[in-house]
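All chains are named by letter (A, B, ...) in the order of the sequence lines, taking the proteins before the strands, and each is independently numbered beginning at 1.
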Amino acid sequence: MRRETVLNAVLALGLLAVPLAAQAMGEPFIVTLATKVAILALAGVGLNIALGLGGMVSLGHAAFFGIGGYAMAVLAAPVQAYEPLMTWPFELAGTKSMPVIWVAAMVAGALGALAIGALSLRTSGVYFIMITLAFGQMLYYFAISWPAYGGEDGISIYVRNGFPGLNTLDPIQFFALSYGVLMAALMVSWVLARSGFGLALAGARQNPVRSAALGIRPYSVKLTAFVISGAITALAGALFADLNRFVSPSMLSWQTSGEIMVFVILGGVARLFGPVAGAALFILLEHWLGGFSEYWKLFLGLALLGIVLFARGGLIGTLAGREVAHD
Amino acid sequence: MTEPVLEVRDLHRAFGALKATDGVSLTLRRSEIHALIGPNGAGKSTLIGLIAGNLKPDAGQVVLNGRDVTQADVAARARAGLARSFQVSAVAAELTVLQNVVLAVQGARGQSFRFFRPALANTGLRAAAEAHIARAGLSGRRAIPAGDLAHGERRRLELAMALALAPRAFVLDEPMAGMGPDGAREMTALLDDLRHEAPILLVEHDMDAVFALADRVSVLVSGRIIASGTVAEIRADPEVQRAYLGEERLE
Amino acid sequence: MSLMLLIEQALNGLQYGVMLFLMAAGLTLVFGVMGLINLAHGSLYMIGAFACAAVAAATGNFWLGLAASLAAAAAAGALMELTVIRRLYARDHLDQVLATFALILVFSEGTRWAFGSFPLYLDIPRALAGPVRLPGGIDYPLYRLVLIGVGLAVAAGLFWLIGRTRLGIRIRAGEADREMIGALGVDISRLYTIVFALGAALAGLAGALVGALQSVQVGMGEPVLILAFVVIVIGGIGSIKGALVGAILVGMTDTLGRFLLPIAFSTFMERSQATSVGAALASMLIYILMALVLVVRPGGLFGRA
Amino acid sequence: MSALLQMRGVTAFYGHSQALFGVDLDMAEGEVVALMGRNGMGKTTTIRTLTRLMPHREGSIRFAGQPLEGMAPHRAARLGLGLVPEGRRAFRGLSVTENLIAAARPGHWDLARVHALFPRLAERAGQDAGSLSGGEQQMLVIGRALMTNPRLLILDEATEGLAPLIRAEIWAAIRALRSETGLSILVVDKSLKELVQIADRAVILEKGRNVWTGEMAGMTQALADRYLGV
Amino acid sequence: DPVKVGMITTLSGGGASLGIDTRDGFMLAVNRAGNPDLSVVIEDDQQKPDIAVQIADKMIQSDKVDVLTGIVWSNLAMAVVPAATAQGKVYLSTNAAPSQLAGKGCHPSYFSVSYQNDNLHEAAGAYAARAGITRAFIMAPNYPAGQDSLAGFKRFYQGEVVAEVYTQLGQTDYAGEIAQIRASGADGVFIFLPGGMGISFVKQYADSGVGLKLIGPAFSFDQSIIQAMGDAALGVLNGANWSPDLDNEANAAFVQAFRAEYGRLPSVYAAYGYDTANLLLSAMDKASVSDADAFRAALREADFASVRGKFSFNASQHPVQDLFMREVVREGDILTNRIVGVAIEDRGHAYEDECKM
Ligand SMILES: Nc1ncnc2c1ncn2[C@@H]1O[C@H](COP(=O)(O)OP(=O)(O)OP(=O)(O)O)[C@@H](O)[C@H]1O
Ligand SMILES: Nc1ncnc2c1ncn2[C@@H]1O[C@H](COP(=O)(O)OP(=O)(O)OP(=O)(O)O)[C@@H](O)[C@H]1O
Ligand SMILES: [Mg+2]
Ligand SMILES: [Mg+2]
């Protein structure tokens, strides 16, 4: 078995075992922390499809993360206020059902990614980074001054949304749900990378001119990947909103985009479990250093710096060796 | 006479004040190798770019199998059966030789939007790719990332990818460049063979190969075709000697 | 709305644009010319402002502070290049993003450690304080006029350095093919250290000059960084001229947008609502501008596509 | 004639895979040596270790009396190594003239002489090097290397992609170079016919090892057949 | 009985100075009381709502705190408070007190010790006419707190509002707005520009030579900020419910102890933190935290010596207090605030009728 496969298994099992143990020992906050890791890793898995597989360095993925979050709020807030979602042209009630919210978030994320991607993919390189950032900022400023959903204050959904057969208010059950979604997304990402589409995407990333000469439109391939990526990140956004029972424009800020990207790079770009490793390490550092000094961010910075300089290829790359599968 | 597979009609393309392609017309007929020679900077690669769709002409038409493809993009022309190689090797550097060629086969078959089936587990794709790799003489290097290949090997990969498109016409930009003498010889034999599958528009500075292979030769100078004919006619043309071949070739 | 006010607002837009250019100038140099994404550019800007404020407070002399800002930022830049950045040239943009993101944390919290969490005092030098009367009767702050002058001088200097000197040629050659310029006998490492320090010094200069008008506090660099990126991307990366034009375009759009949009909306909306909606749209305006420019010209206004 | 270059038992690796297994290469001042071998045999790798673009693992390299071990590429270049690399690598984004003067050092070769050698470069002086035709780029990088006024000019496939007429001109220029300026030249090229006319000696590599070294005149058809496939 | 307090506040990044003052004021009172039953855990929310929510979860789930406090920003409070009070935790606000929590969203476990967000703007509005501002140019960033602030100003303002301008959140250059002020024909300017935005505006405004009277809420002209404005801030009026020169015994002791302990003058945030801790201590003396109803009743009594002098809670558990007008003055080396008059006496807040509790 390849070392990376072993490492992936360790990560998958570790992320499962830690909260279970914490639950047994009566440390519910560790469970919450693990849930956060799973959800942010999910956002990273989404970004990794665009960034790792497709080479699209998007600094605007907070847009999809936020779209997912707001999709949750838009659907759940009316229920909380005992009002219909809309009355015109037909009456539609909101919902507190997670599966419905997830579908809505993914559709909204996919549509957002389609619109943003279609325009952004005209550019490449650093211009792509910046145009995705621009779209993210537009949504951010829009959300700040959108009074219906609290503007800068955001909006609280006091009770977590429901999932058939589960008590989502119980931290461990909500964790299980988030973990399951993460694993499903990793599966999708794995199948995608090995598929014919994944190969076409790799070709489009590495040599778009050549790809076109082979009859593959790099634009269409990349846009498709971007839409899938946006949908997964939006799903993560919906879950994150449910974790906090709260949505605000900060989900849409460029710092959020940057953090999602940091998870991916930290874990290892284009590595299946890279976002999981990256999110886990980042949250762990943040949690551990936070209790350590008022200036903990200084140490966080130094730790990150050490990792970039000396652990090339991210955590997975360093631990599992550089070679990527060439089977 | 059969209808030409590829026909270029009065193409024009300028870069600023420079007329890189200045009214070029030429045809490529079934089973022939049509060599395009000319001094450096004459506009050969520009012409290939116009034919393949990487560049848009200012005026003129490109007709492939009787269909006007002037407005079609690069990918559409590739699907319509046009295979090109690049003067500077253009490969996906992190993919292996095999993956590169599978990518090409998959592109040609229009199977690039399959989301579930692993590409390399697809025996149909894989077998076809392996055959092309063998033909280009790279069998032993199948699992090497394309970026790690030596220069000459990369040229072979270029050709393998062109073969993988199973095209109606080849447009090859200096396939011999960078190949050692034995490589050039193998390539010559391979192209000789290939012309029966699809005709070849061959841009090449290796005159040994051109004179051995070409059914017809056109000479491009400053964006215009100044002569066109058989190898013998071209070699004897004093204008061509002066502009391109030099005295050495007078023998 | 009077014509005079409109003219004054246009002047404000120009001034704001030139200020943005000052911030963006160092970034263009490092980012456009060396091909390095330096998110910590804003930190160098902050260091310049803090150095200037600290020295000006200690000596009572703004100009000494200004000199200190150049020195401190250049030193920080050189140190950063020698210890971190030079290991990143060969890496892709992503590693650069992560490393310089980490540097932001280090610089911000380090500054907070050294200077505390409270904003520092820095005022414009007495000689340049107060407004002057322009033809047409506009009272305009002298300091802002001086900023316009400095910005244009920096633009000219950079234009000359990059476009006309052999140093500039070598830097650009290094960006195109770093290995090759080294193989031809140019000590590209040292050159890059110098350029990076120069870019940092420009950031520090901008921090000090602009800091005198704004608030000198930890975190002041990040919003500036985003704006500076917007500016150079609109102008086209690697183009000093583009950065200048981009900056002025952004300055004009932002200032006039903030001014005119609420007025425009109030023609068909209630006042409070019009100001709010107009302001909301105004805050998105420069991003809309950037997206429009890039959709139409994917390589920016003056960039190579 | 004094020894200009001495490479002894040089080995080199790309990651874990070994590309050179002990290469020897000696050159005297003013000599023209052809480095030959089939595709992928290690010619470029040998040149890369010599110009310090990659480290060697074992063996020694001395140039102009100095050991090159651990030396940065730019320092080695300043000792007098002028490289025309495989695959051209002109500086895109710079004009033709800027390419030429970027790394120029004073000496025999200046802009005027390079323009005289390749008039096309004078015609394209202001054009972005990235948009030159392939052959024009090749001329440009030769000119660029000459502008550093090297003691040893290294040409890795320098005539690849050039029209016969130009190629003949370049060979003529190289012949002139060696007779007029006494420049030493290490040349990798696929055209044996042309190499025979200008090189004093040949070194043939196979799979990263020396398999034949000798006077050019001693290059028999059998040897060429066996190692070069001619 | 032991009481465990979880303090969530901003200790890193640009807004850290506010959180640090909150913490220092609170801990000053805790240390002075020396009550061994009171323990405090403090965490940095980085000014991010999602982090604040997670810290709250952690403090409730792992640290098992009884009382939460310390949040500086309204948007963070909105993210944390409803969920915390729903889980039966007491929340004592040291600063942020958004209208939602004062009106419809009021809760028996939620106490604002500081004010209701609108109060200081109301003070400015009520006093403006007395300061000779009859034609006001009013301005705030375009976000909910900004919109509330302009509404709060207008609630008690007697004069005419000649222009109402929303700036961008985080904006640093105000040349455009200053030009509008100059052209507006106003005779005074009300601004609500918290943090760095205020510093930038005031410096640029002073340099522009416009010279109209400037008035605002205390947060924009507080101790932590005016030093950075320098003389440009001199003479600016700001509405407040506390001032270092407020003449009462508790305040004199507080200011002196704070200076001795931290070597700087306290800000309003420090004062609110100090009062909050003393309120809590007073309740601990009267009731056990395990009896939630009794403990809340004890808090409601507000039986402590506030640095603000008069202090009581109204039905929505927000303070009823005097609002003042302060002016920025120079005292020796440092800039500080001095009271120039009372703006509104015994002010509660505008949303009381909406609170059904
Ligand atoms: N994008 C461009 N912008 C400006 N000039 C260009 C551009 N592309 C090509 N040229 C010019 O057009 C002319 C033709 O170039 P082209 O690459 O077609 O030549 P070629 O015949 O392929 O030469 P070679 O045999 O050397 O490859 C050259 O002079 C070149 O400098
Ligand atoms: N970047 C690289 N990474 C890994 N292996 C490489 C790399 N470059 C070359 N090689 C390998 O090293 C060996 C020697 O290559 P080299 O480029 O030196 O050959 P060469 O003699 O110059 O061939 P050519 O005539 O094709 O240019 C080859 O087997 C090649 O595959
Ligand atoms: Mg060409
Ligand atoms: Mg080679």
Side-chain angles (χ1 to χ4, degrees), chain A residues 22-23 25-33 35-36 39-40 65 69 80-81 140-141 143-147 149-160 169 171 237 240-241 243-251 253 255-256 259 283 286-287 289-298 300, chain E residues 9-13 16 19-20 23 41-64 73-87 96 98-101 104-105 107 117 141-148 166-170:
Chain A
Q23 176 78 2
M25 292 184 317
E27 284 284 356
F29 180 65
I30 307 277
V31 179
T32 306
L33 217 55
T35 314
K36 185 180 175 188
I39 294 171
L40 292 178
F65 196 62
Q80 169 167 305
Y140 172 72
Y141 282 112
I144 280 194
S145 33
W146 187 24
Y149 289 91
E152 157 96 349
D153 284 352
I155 181 165
S156 279
I157 302 298
Y158 305 123
V159 181
R160 194 169 279 156
L169 287 176
F240 191 73
L243 171 70
N244 297 331
R245 303 172 303 281
F246 173 75
V247 185
S248 83
S250 80
M251 278 181 81
S253 69
Q255 286 92 342
T256 303
E259 264 176 31
I283 303 297
E286 190 176 70
H287 180 65
L289 290 172
F292 174 70
S293 151
E294 187 177 310
Y295 302 103
W296 62 275
K297 279 189 181 169
L298 177 66
L300 178 65
Chain E
T9 198
T10 303
L11 300 173
S12 64
I20 286 173
R23 179 194 65 188
V41 289
I42 303 174
E43 295 232 20
D44 174 18
D45 61 31
Q46 306 177 45
Q47 208 176 333
K48 293 181 189 158
D50 50 299
I51 302 280
V53 169
Q54 279 142 27
I55 294 173
D57 280 350
K58 172 179 171 226
M59 288 177 165
I60 293 170
Q61 293 169 2
S62 291
D63 299 327
K64 311 261 185 309
W73 317 96
S74 292
N75 57 334
L76 273 66
M78 284 309 296
V80 168
V81 172
T85 50
Q87 294 176 66
S99 52
Q100 297 95 312
L101 297 179
K104 274 191 203 143
H107 191 280
N117 277 358
N142 193 28
Y143 74 125
Q147 287 146 8
D148 286 352
Y166 285 116
T167 65
Q168 192 176 323
L169 193 61

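Y295(A) does not touch chain E: none of its heavy atoms, backbone or side chain, sits under 4.5 Å away. Neither the backbone nor the side chain of E43(E) comes within less than 4.5 Å of any heavy atom in chain A. Only the side chain of I20(E) comes within less than 4.5 Å of a heavy atom of chain A; its backbone N, CA, C and O stay farther away. With a threshold of 4.5 angstrom between heavy atoms, K58(E) approaches chain A through its backbone and through its side chain. Contact annotation for Q100(E): only side-chain heavy atoms (C-beta onward) come within less than 4.5 Å of a heavy atom of chain A. Neither the backbone nor the side chain of Q255(A) comes within contact range of chain E; no heavy atoms are under 4.5 Å apart. Proximity to chain A (any heavy atom under 4.5 Å) is restricted, for D44(E), to the side chain, taken from C-beta onward. Contact of A86(E) with chain A is not made at all, since no heavy-atom distance falls under 4.5 Å. Contacts of I51(E) with chain A are made by side-chain atoms alone, with heavy-atom separations under 4.5 Å and no backbone atom involved.
Once rounded to the nearest 0.5 Å, the distance linking CG of D50(E) with OG of S248(A) reads 7.0 Å. Atom NZ of K48(E) is separated from atom OG1 of T256(A) by 7.0 Å, given to the nearest 0.5 angstrom. L169(E) CG to Y140(A) OH: the interatomic distance, rounded to the nearest 0.5 Å, is 6.0 Å.
Residues Q54(E) and E286(A) fail the side-chain proximity criterion, which asks for heavy atoms closer than 4.5 Å. The shortest distance between side-chain heavy atoms of Q168(E) and I144(A) does not fall below 4.5 Å.
Summarising the geometry of D57(E) relative to F29(A), their closest heavy-atom pair is C-CD1, 4.1 Å, with the distance given to 0.1 Å. A pairwise comparison of heavy atoms in F246(A) and N75(E) identifies CZ-O, 3.8 Å as the closest pair. For the residue pair S156(A) and A79(E), the shortest heavy atom distance occurs at OG-CA, 4.0 Å. Across all their heavy atoms, A83(E) and R245(A) have their closest contact at CB-NH2, 3.9 Å.
Heavy-atom pairs under 4.5 Å with chain E peak, among P28(A), G150(A), G151(A), at P28(A).
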